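For the single chain, residues carry numbers from 1 onward in sequence order. The shown structure was predicted, so the numbers you read here are calculated from the model rather than taken from an experiment.
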Amino acid sequence: MKNRNTTSITKVKVEKHSIIIPAAGLGYRMRSYGPKSLIRIAPEKTIIQNQLEIIRKTFANCEIILVCGFGAEKLMKNTPDDIIKVENENYEETNVLRSIGIGLRASTSDKALVVYGDLVFNEEAIKNTKLENSCLITGQKFMSEEEVGCNVSDGMVQQLLPDIPNKWGQIMFLMGRELEIFKKIAWDRNKSHYFGFEAINETIERGGKFSACSPNKAKITDVDSSKDLIVAREMLCN
């Protein structure tokens, strides 16, 4: 009788992540005629296309949740059908935290990466993000001086504040206790006017902890003006 060598193949389960992209804002400073996410940063690439391309390269198993508002129909029409699209219909009366909260309502994972919808970044900014409670912090030149900064001590985020050299890259990872605290804040209708950094600060005040993630080769900027758009295009070319 022949001996049969049986090879057992163990399938490694890839953890599922929710990627939430709040993209509901009006973008007054850009004076654009549509959602900022659809602004072209290359002849055949928009901000959202750049984001989705990098996210899909990085996460093998994820659900992408795009929160639309201003120009929602146009944004939904010009993005892939295989992502989840929800709408913040009160985008004019609320702030970004409301959009993040709507995205968290649609999420089916206990791990969430939040990426603001007007961000332009390279692959290094996402693939080296710590998959733990963390905020992406950058001291590099691409973020404008007006953006919210971050106090860091022993590698941990202490508080997000304006006028600090180390800038918050408007990307954060949430899981466990911190995710639950953040959800309660984001789902509080009385706090629908909050910016995202205010919710992070309150999460920390309630005992949450976030590590500061600063990938060496990360390049990231947010597009709030035509000047920012020039910076974004130059950044991706270098």
Would you sort out whether Glu63 and Thr108 count as a side chain to side chain donor-acceptor pair (under 3.5 Å), showing the intermediate values?
-> CA-CA 8 Å; Glu63 59 182 10; Thr108 62; 2.7 Å; yes

Is any side-chain N of the basic residue among Lys36 and Asp224 closer than 4.0 Å to the acidic one's carboxylate O?
-> yes

Start with the C-alpha gap between Lys209 and Met156, add the side-chain angles, then the distance that decides, and say whether side-chain contact (heavy atoms from CB on, under 4.5 Å) holds.
-> CA-CA 7 Å; Lys209 297 182 184 298; Met156 302 301 293; 3.8 Å; yes

Could Lys45 and Glu53 be called an ion pair, given the rule that one side-chain N must be under 4.0 Å from one carboxylate O?
-> yes

Are a donor atom and an acceptor atom from the side chains of Asn95 and Ser192 found within less than 3.5 Å of each other?
-> no

Would you check if there is a donor-acceptor pair between the side chains of Glu132 and Ser211 at a distance under 3.5 Å?
-> yes

Is it true that Tyr116 and Trp168 have ring centroids separated by less than 6.0 Å?
-> yes

Do the charged groups of Glu15 and Lys111 touch, with an N to O distance under 4.0 Å?
-> yes

Within-4.5 Å side-chain heavy-atom neighbours: Glu202 and Lys191 = yes

With no hydrogens and no angle check, do the side chains of Gln170 and Glu147 hold a donor and an acceptor under 3.5 Å apart?
-> yes

So, Asn133 side chain and Met175 main chain: donor-acceptor pair closer than 3.5 Å or not?
-> yes

Side chains of Leu38 and Ile48: closer than 4.5 Å at any heavy-atom pair?
-> yes

Do Lys219 and Glu124 meet the salt-bridge criterion of a basic N to acidic O distance under 4.0 Å?
-> no

Side chain proximity check, Leu161 to Asn151, heavy atoms < 4.5 angstrom | yes

Salt-bridge present (Asp228, Arg233; N to O < 4.0 Å) | no

Side-chain donor or acceptor of Asn122 paired with backbone N/O of Ala125 under 3.5 Å = yes

Using 4.0 Å as the upper bound for N to carboxylate O, is an ion pair formed by Arg177 and Glu180?
-> no

Would you call Lys77 and Glu73 a salt bridge, using N to O less than 4.0 angstrom?
-> no

Test item: side-chain donor near acceptor, Ser18 and Ser107, under 3.5 Å = yes

Less than 4.0 Å between a side-chain N and a carboxylate O, is that true for Glu93 and Arg98?
-> no

